[in-house]
Amino acid sequence: MTIDDYRVQFGWSRRHMAKEAGIDKNTLRSAMAGNPVYRAKVGAITEAINQELARRGKSSILYTDLEGVVFAD
C-alpha cells in the first residue's frame, strides 16, 4: 500500500498525517508524489502508520513496504 492508501484508510487529512509523523506537510506531499525523501522522514511516517495500525490491532509494516516511495539517501 502507498502512504496515501494508509492515510485514506485511517481517515486522516494530509495535515493530520504530517502532524502524527512529526514532519512538515510539504515533506509528506513530496513522499506521496514519489519525490526523493530521506529515509528518516519515511521512517517517521511509517512509525505514525504503525502506531495507528497497533491501535486497530493490526500488524506493523516496514518503511520498505510502502509502495511508491523514493529514497534520497
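Nearest heavy atom pair, residue Arg14 against residue Leu28, reads O-CD2, 3.2 Å. Between Ala44 and Ala21, the shortest heavy-atom contact is CB-O, 3.4 Å.
Checking Thr2, Ile45, Ile3 one by one against Val69, the side-chain contact (heavy atoms from CB on, under 4.5 Å) holds for a single residue, Ile3.
No more than 12 heavy atoms of other residues, nucleotides or ligands lie within 6.0 Å of OH in Tyr38, so this atom counts as exposed by the packing criterion. No more than 12 heavy atoms of other residues, nucleotides or ligands sit less than 6.0 Å from atom CZ of Arg15.
With a 4.5 Å cut-off on side-chain heavy atoms, Ile49 and Leu66 count as touching. In this structure, Val37 and Phe71 have side chains that are not in contact, with every pair of non-hydrogen atoms separated by 4.5 Å or more. Under the 4.5 Å side-chain criterion, counting only non-hydrogen atoms from C-beta, Met32 is in contact with Arg7. At a threshold of 4.5 Å between non-hydrogen side-chain atoms, the residues Thr46 and Ile61 count as touching.
Atoms CD and CE, from Gln9 and Met1 in turn, are 4.5 Å apart once rounded to the nearest 0.5 Å. In this structure, the separation between CD on Gln51 and CZ on Arg55 is 6.0 Å, given to the nearest 0.5 Å. Thr27 contributes atom OG1, which lies 10.5 Å from atom CG of Asn35 (distance to the nearest 0.5 angstrom).
Ring geometry for Tyr6 against Phe10 counts as tilted: the plane angle lies between 30° and 60°, on a 0 to 90° scale.
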